[in-house]
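For reference, the structure discussed in these notes is given below.
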Amino acid sequence: MATEAKRVTDIGPPHYEKFLHPLIKENYGKWEFHETLAPGVLAHTGPNGTIYSVRMSSPRLVSSNFLRMVCDLADKYADGYFRFTSRNNVEFLLANKDNIEPLKKEIGEKGFLVGGTNNAISNVVHTQGWVHCHSAATDASGLVKAVMDELAEYFTTEKLPAKLRVAVACCLNMCGAVHASDIAILGLHRTPPRIDHETLPNLCEIPTTVASCPNNAIRPTSVEGKTTVKVDEDKCMYCGNCFTVCPAMPMADPLNDGVSIWVGGKISNARTEPKFTKLAVPFIPNNPPRWPEVTSKVKEIVEVYAANAKPFERVGEWIERIGWEKFFDLTGIEFTKYHLDDFRHAGTTYRRSIHNRY
Amino acid sequence: MATEAKRVTDIGPPHYEKFLHPLIKENYGKWEFHETLAPGVLAHTGPNGTIYSVRMSSPRLVSSNFLRMVCDLADKYADGYFRFTSRNNVEFLLANKDNIEPLKKEIGEKGFLVGGTNNAISNVVHTQGWVHCHSAATDASGLVKAVMDELAEYFTTEKLPAKLRVAVACCLNMCGAVHASDIAILGLHRTPPRIDHETLPNLCEIPTTVASCPNNAIRPTSVEGKTTVKVDEDKCMYCGNCFTVCPAMPMADPLNDGVSIWVGGKISNARTEPKFTKLAVPFIPNNPPRWPEVTSKVKEIVEVYAANAKPFERVGEWIERIGWEKFFDLTGIEFTKYHLDDFRHAGTTYRRSIHNRY
Amino acid sequence: MADDLKIPLLEELEKGPWPSFVSDIKSVADRKPMAADLLRQLEKSYEDKRGYWKHGGLVGVMGYGGGVIGRYSALPEDFPGVSHFHTVRVNQPSGWFYTTDALREIVDIWDEHGSGLFNMHGSTGDMVLLGTRTEELEPTFRALTEKGWDLGGSGSDMRTPSCCVGPARCQNACYDTMDMTYQLTQNYQDELHRPMFNYKFKMKMSGCPNDCTAAIARSDMAVIGIWKDDIKVNQEEFAKYLDDGFNVQEFVVEKCPTRCITVEGKEINIDNSNCVKCMHCINRMPKALAVGDDKGFAINIGAKAPIVEGALFGSVIVPFMKIEDGDYEELYDFIDRMWEFWDEHGTARERIGEFIERVSLATFLEGIEMEPSPKMVKAPRDNPYIFYEEYFAEEDEGEGEGEE
Amino acid sequence: MADDLKIPLLEELEKGPWPSFVSDIKSVADRKPMAADLLRQLEKSYEDKRGYWKHGGLVGVMGYGGGVIGRYSALPEDFPGVSHFHTVRVNQPSGWFYTTDALREIVDIWDEHGSGLFNMHGSTGDMVLLGTRTEELEPTFRALTEKGWDLGGSGSDMRTPSCCVGPARCQNACYDTMDMTYQLTQNYQDELHRPMFNYKFKMKMSGCPNDCTAAIARSDMAVIGIWKDDIKVNQEEFAKYLDDGFNVQEFVVEKCPTRCITVEGKEINIDNSNCVKCMHCINRMPKALAVGDDKGFAINIGAKAPIVEGALFGSVIVPFMKIEDGDYEELYDFIDRMWEFWDEHGTARERIGEFIERVSLATFLEGIEMEPSPKMVKAPRDNPYIFYEEYFAEEDEGEGEGEE
Ligand code: SRM
Ligand code: SRM
Ligand code: SRM
Ligand code: SRM
Ligand code: SF4
Ligand code: SF4
Ligand code: SF4
Ligand code: SF4
Ligand code: SF4
Ligand code: SF4
Ligand code: SF4
Ligand code: SF4
């Protein structure tokens, strides 16, 4: 117990200043403008000089080997300074312009890509999946890898009409940006929770479990003399909230779990207000390791967008210009009753005008 | 009972063809274009000639004397043909262009106005008020007269930026177009229904009465041994739906009934989709016979609109261009908590972006 | 009689440029005690700032459930002329067209049997004969039917359909609003006169998206004209607008909601695949532009005022339909299916718009056997709460689709 | 050891141009049995199409309620390496800046105490150390704190705040996102480490409306930079864009949401009173245009993912605020009032955005003592269901305003 005295808590993160390149400190808050030198290479200029950022892809789920390699590169080319972006790319921060090309070369040799800036697909914001989460209806890392293998050329170039943000989440909790992405891939369950009447009475508080259901599908019941719950299957919309609250109501169902595709969300306020992502493909069964039906559908959407949108038009802005019907036509995706909203504010999504394209 | 044999029912309205001017019959469905010759005077041309429509104001609540006068004018100038518009104006249908001016002159002499076309205020769509309805929180005909006395010049000219549609309704039932008008005046109650516990048990079905409340403010209760209802005053939003269902729950309250003003609704699909009217002034007490506070506020809104909107911009389109904050600034109307929606889809009205004018 | 009217407050409303309903009512008050007492009771309302009408009772004409609104004064002793003051809703002709002969007949009937006062017209579209006694209702009805007129709707029935002037005087009409209104009214006489629905059901026919009857805001069924092909362009006339100095760029091009218009030299070019049929360019340049040839209508269902769940505009249920050779069967069939489903699953005082919101559009479409279309929504759902109906069962071994 | 990995399905994911997490994990599998068993269990998931993790238990470090997510394999006999597989959330530095020295220290710690696997970074912003055994949690924590690192949030607490690069490398930053993130994190250490809220509470700081941290979609409190005065214009640089053939008309003027930009000759003119600070013009021409001088931030409250009432973007609660002389009191005060009101009136598992929707914006503003502003809404209410609080009582004789 000798060490206990030394135990410190609540110190918070280290102060960021320790980690800033001297050139950044000098220009801190005084930057004047930025330029793009090449896909993945940005130059930010302030009164005290220019810092060069070289952006490298990362699978996000990484090992200590990967991080050591990043450190080695940063030491070699960036005076030991680097950062990660809000989309999990690595950014090497270079004071010396001459280091750009050698760094890019070495990144390439190590099997990584430089890009993700401007009118490109950047890294995919994603979640834990079968790698770590009990809630997952699909894997996340595998889906990202499979999809980005198809779309890598749009990471290393800037030939899309605008930024294109892809997100993957493995269940409806949507730990990430699924609800506001240009294209989102969402794992989902399609069957109600199965109830383990053996363990439920001990594991879960009945009122909390009942209250967890947004659609009032859960009712208390009694099985073999013990109070447990039952689910009105007609009311269950497979959200999994009950499982989050009560472990005895698992959702996983290999036959029926799978993936949906969503389009047209955005976050920035540029031009149009932030938009939610809307349903495109309601369901594709899980088909690991490469989910070919998902990757080809996503790729198709990207290609149709690339071919049809105008410059600086995000996916959602493009669809709104041409109309949703045209989007379904162009991508060959079937419009079904599942696309019609039936949740809380469904009525606000019905078309209440005569504005329509014929 | 002799006449009973002759009693006919379900014959429906007469066939409209009987009432069409011969020139209209000849051009029926073949019209090519129309022109405006003067405010209130339209010329529609088809392959078989031109028909001239002269539009005359009407208070809508009219007597047999008024209608006989209209018939006389139609006989004299319009071969006995005329119609009413969807906003309750009279339209004389003239084959002879030369009759236009004499007709206009005689209309003027009789104290009526010609106008209401194109970028004008047309007649006010309104309701029964204290003239006939048990539900009214204000009078309708009187408000219309008082308001239109102030705005008559905008009926006889076309100098507004666009069409301006005004509506008046005397209670939340909104028998008319209040919820989709450029400017609307709405009578409202501000206190919960009073309950006549004597008559209620005989007059009203308790479950129906309880169910009538959109906000679940009504509960069954017992008063002196009889089942009646009580109202949770904190939940009551004075909608009057209970009174419609149960006469023993009157709403009228001279001290607290009054008028609200709403702006920015529209119906046509021209340019923008139809829009609901939004709250401008939450409450002005009834001040008959001329409601001066109401008329001056409405007039002020119209003048500010006239001075600031661009051509062909309806009130709602103008406000959306300049922003609601500017509208409140320009009109000097105070923005209060009452303007913040708190009904069903209130959350959809909150500003969920950074788009804002500073 | 009018001499002892004593209505100083109301007389304030005789001043000013706008026609005065007070002066007009006064003009018949001499010969119509009902009109005089109406003014007197209204004067008292103006003094006291409240109405004096009692909740309507059940009055009407034999065999009809609708068409009459019962009304009684709350102060019958003070104002005996309006102790009864029921209104009679007379079904107006399509487009509110009249001849002087026809209208005079009605005026005579009402001068004889009622107050001699009217609403021309009521907000739903009826000719409203304003105020009479219970015992005059049946005679009024007989006199009206003799001249070829019938009553309109009230209560939980189909309400009197109404329409814009349409093909009778408008180049924009994409279908025959006048005829449709007449046919629908005749076809559904029973539904109009005998309230059997969950609640009222209104129909309004507008010939084009300008929607001059406010159908999309005020009718459970809004039939609004539309075309599918290209806007018709007369380039010569278009050039004249330019030559006349009309600011096409600012007033038309920049106001097109989908910016699908371009002007090159003196030619106008419209990307019709992206035109949403808003009418604005046609409205501004009626000599140069006109609706297309492949005309018909959209049907938007569910508009209503706020009571009780909030106001609704009608939402697209039929994106496009057309009447060919005067055959309305497809439309009747659609209406019948809709009513049947609403009738069976709706609740009392639930308008069809609120019903659809409650059961969901998908359920409604299934119930009336229609296919979903992106034309029916602003956008697909953004929440992931999808009720999947097909799923695999264990015994399928992942092959076929299971039963629900 | 990696020799007997047998993960043919996963190995399919070693092909292709995008970096492979499988190859990377494999690279440590030799020395890290946890990593090897993670791959094996994942392979089984790929075979069976389902996850094999059990619902988390209550694990953590002493005195903290958050920062660790407990996780156990459902098949511990088959995959003993991951029988425990808890994650440790380490509070990242502002803007995710590192030096190689600092990061190597963390890597060493995790190679010693955990799986050697990471999420760089988690979706909330933390450095996620992925997978270790319960008994390693406390030693990991000690090793981390020794090097100056602390844990982030999890459970119903304040979650780890995060921010965009802001003033550290961006000319658009309207306030110091890096400093605010640091200050907030330090000021609320207790709220971060000891869950006592109704539910989680996330904060994200973006320096301008481009919102590079997705704050408006993913944080209960989105602090987004904004300016109040005019956009700064460098006309010379603007002329260069034109000269370089950049299509200003199509790519900027026509894309401005309020069309408040005009170009005359080689000069750009902005009607700043109608600019909604969308950033688009500045984004397109960063050398010619820049955010104004009167800088600060807006605070949008309530963003969240769909569970349970549907996804929400944050809504404007503070239209404008600024930090002067590094004094955060006004901001802390706002946060404290907000938490207090939510704490008192919210229910368990009710995010603040859902709470505001339930009690209404007006009530929320009153509860936290803020004045309503049109800047907080898209538009005023369109329904007439207003809860009037002031009214006249009989005894007022129509004079004063009554009490509620
Ligand atoms: C580095 C990073 C901030 C950070 O602290 O990590 C960043 C940095 C910049 N962003 Fe961003 N953004 C970053 C995430 C975002 C996000 C968040 C996200 O993707 O989850 C958004 C919102 C996305 C959305 O709207 O869905 C975002 C929306 C923007 C926009 C608006 C784009 C638009 O037109 O909608 C701009 C302006 C532009 O690029 O024209 C912008 C502009 C920029 C600029 C040009 C700002 C500057 O002058 O330095 C930076 C380089 C942009 C580039 O990559 O093209 N940044 N930017 C993030 C890089 C993520 C990555 O690795 O790709
Ligand atoms: C006569 C009437 C139809 C009828 O069957 O009775 C009618 C007739 C015409 N309307 Fe209308 N509209 C009539 C009620 C309406 C209504 C309904 C209402 O006001 O309740 C609307 C929807 C109003 C709204 O949006 O809130 C309406 C929205 C329009 C519009 C769209 C205006 C806009 O830009 O938003 C046009 C086009 C235009 O004027 O540019 C239009 C155009 C026309 C034209 C020019 C059509 C034509 O070529 O013949 C007609 C003369 C217009 C004028 O008065 O300026 N009509 N028009 C109605 C006259 C009412 C009156 O007495 O004033
Ligand atoms: C006479 C008329 C007003 C007028 O001055 O023109 C009228 C008068 C009444 N309406 Fe209406 N409504 C009239 C058109 C409308 C309209 C407009 C329309 O039809 O285009 C509406 C809004 C559209 C709609 O239907 O939603 C309308 C929405 C209501 C409502 C609210 C219905 C709702 O679902 O929101 C009620 C309440 C009810 O049904 O119990 C109502 C109820 C009433 C009652 C029957 C009052 C009641 O509580 O029973 C009123 C009888 C007044 C009287 O003493 O004569 N009236 N009512 C209109 C019918 C005349 C006609 O047949 O032509
Ligand atoms: C690790 C992380 C995903 C990742 O791969 O990066 C994560 C993982 C989990 N999230 Fe999350 N969430 C993570 C960021 C998010 C985000 C994004 C964000 O913070 O920007 C969201 C959406 C934004 C939001 O908060 O609404 C998010 C929305 C949820 C929800 C739904 C909450 C809601 O109100 O809608 C849940 C369910 C819950 O709270 O019970 C949840 C629950 C969970 C749990 C704890 C699962 C559970 O049911 O208890 C996951 C643990 C997974 C595991 O095994 O490690 N997670 N979660 C992210 C946290 C890492 C970090 O600290 O940096
Ligand atoms: S999205 Fe769902 S499955 Fe994926 S990490 Fe979050 S809670 Fe777990
Ligand atoms: S999955 Fe969701 S909808 Fe279904 S029972 Fe559980 S909480 Fe309710
Ligand atoms: S709006 Fe209200 S008060 Fe006026 S007529 Fe209609 S129901 Fe009666
Ligand atoms: S007035 Fe409306 S809210 Fe109030 S009790 Fe009656 S029905 Fe309910
Ligand atoms: S709705 Fe269209 S067709 Fe009918 S009158 Fe108006 S403009 Fe003409
Ligand atoms: S009708 Fe409307 S949408 Fe179509 S081209 Fe004309 S202005 Fe544009
Ligand atoms: S949010 Fe604005 S300030 Fe922050 S990095 Fe993005 S562009 Fe720069
Ligand atoms: S910031 Fe946006 S709204 Fe403002 S002028 Fe530029 S483009 Fe227009």
Side-chain angles (χ1 to χ4, degrees), chain B residues 172 174 178-179 186 188 190-191 214-215 234-239 253-256 260 262-265 275-280 282-283 285 316 319-329 335-358, chain D residues 208-209 211 216 224 226-229 257-259 272-279 294 298 300 302-303 310 312-316 319-320 353 356-357 359-363 365-366 372-394 396-398 402:
Chain B
L172 267 48
M174 291 194 190
V178 156
H179 61 300
L186 176 66
L188 35 74
R190 291 190 311 155
T191 44
N215 224 21
D234 282 348
K235 279 182 154 184
C236 176
M237 51 198 194
Y238 332 118
C239 74
D253 173 352
L255 280 177
N256 291 294
S260 55
W262 303 69
V263 298
K275 296 180 198 294
F276 285 125
T277 324
K278 315 291 189 322
L279 181 62
F283 185 72
I319 297 177
E320 281 172 16
R321 177 171 59 77
I322 64 168
W324 280 95
E325 187 170 33
K326 195 77 176 281
F327 169 80
F328 283 96
D329 279 357
F335 187 86
T336 69
K337 67 178 175 184
Y338 298 133
H339 291 89
L340 303 174
D341 195 358
D342 51 8
F343 194 53
R344 296 279 189 271
H345 303 305
T348 63
T349 71
Y350 304 168
R351 190 179 296 250
R352 297 193 184 268
S353 77
I354 297 301
H355 282 204
N356 235 328
R357 292 155 180 89
Y358 288 85
Chain D
C208 80
D211 194 2
I216 205 162
I224 299 180
I226 205 86
W227 67 99
K228 278 167 98 172
D229 54 345
T258 56
R259 305 280 163 149
N272 281 280
S273 74
N274 215 24
C275 163
V276 290
K277 297 5 181 186
C278 87
M279 292 296 296
D294 188 7
N300 282 32
L312 294 174
F313 288 126
S315 83
V316 181
F320 191 84
I356 297 173
E357 296 227 324
V359 302
S360 92
L361 180 55
T363 304
L365 291 175
E366 280 190 339
S373 151
K375 288 198 161 69
M376 297 171 181
V377 294
K378 290 183 187 130
R381 69 163 64 233
D382 61 31
N383 64 71
Y385 300 140
I386 310 173
F387 288 93
Y388 289 98
E389 284 181 5
E390 302 88 27
Y391 54 82
F392 302 102
E394 304 282 341
D396 298 332
E397 280 156 25

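Lettering of chains follows the sequences in order, A, B, ..., and the numbering in each one begins at 1.
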Inset, instruction - Please flag which part of D:L361 lies under 4.5 Å from any non-hydrogen atom of chain B: side chain, backbone, both or neither. - result: both
Legend entry - Row check, D:Y391 ring normal vs B:R190 NZ/CZ: under 6.0 Å, within 45°: no
Legend entry - Selection from D:I224, D:V316, D:D211, D:N274 maximising heavy-atom pairs under 4.5 Å formed with chain B: D:N274
Legend entry - Most contacts with chain B, counted as non-hydrogen pairs under 4.5 angstrom, among D:P209, D:G353, D:P319, D:A298: D:P319
Legend entry - Residue, of D:G302, D:G314, D:C278, that accumulates the most heavy atom pairs under 4.5 Å with chain B: D:G314
Legend entry - Selection from D:N383, D:I356, D:N300 maximising heavy-atom pairs under 4.5 Å formed with chain B: D:N383
Inset, instruction - Determine whether B:S260 and D:P384 make a side-chain contact, defined as any pair of heavy atoms from C-beta on separated by less than 4.5 Å. - result: no
Inset, instruction - Specify which of D:K375, D:K228, D:M376, D:K378 makes the most heavy-atom pairs with chain B at under 4.5 Å. - result: D:K375
Inset, instruction - Measure distances from B:F328 to the heavy atoms of chain D and classify the residue's part below 4.5 Å as side chain, backbone, both or neither. - result: side chain
Legend entry - Test ring-ring contact (aromatic ring centres under 6.0 Å, His included) applied to D:F313 - qualifying residues, sequence neighbours left out: A:F276
Inset, instruction - Would you indicate whether the side-chain heavy atoms of B:F343 and D:D382 approach each other to under 4.5 Å? - result: no
Legend entry - Any side-chain heavy-atom pair of B:W262 and D:R381 under 4.5 Å: yes
Inset, instruction - Measure the SG-CG distance between B:C239 and B:L188 for me, rounded to the nearest 0.5 Å. - result: 12.0 Å
Inset, instruction - For residues 349-358 of chain B, pull every pair meeting salt bridge (Lys or Arg N to Asp or Glu O under 4.0 Å), keeping only residues two or more places apart or in separate chains. - result: B:R352-D:E357
Legend entry - Largest heavy-atom contact set with chain B, pairs under 4.5 Å, which of D:T363, D:D294, D:V276: D:V276
Inset, instruction - Give, as side chain, backbone, both or neither, the part of D:I226 having an atom under 4.5 angstrom from any heavy atom of chain B. - result: side chain
Legend entry - Contacting moiety of D:S273, where chain B heavy atoms sit under 4.5 Å: both
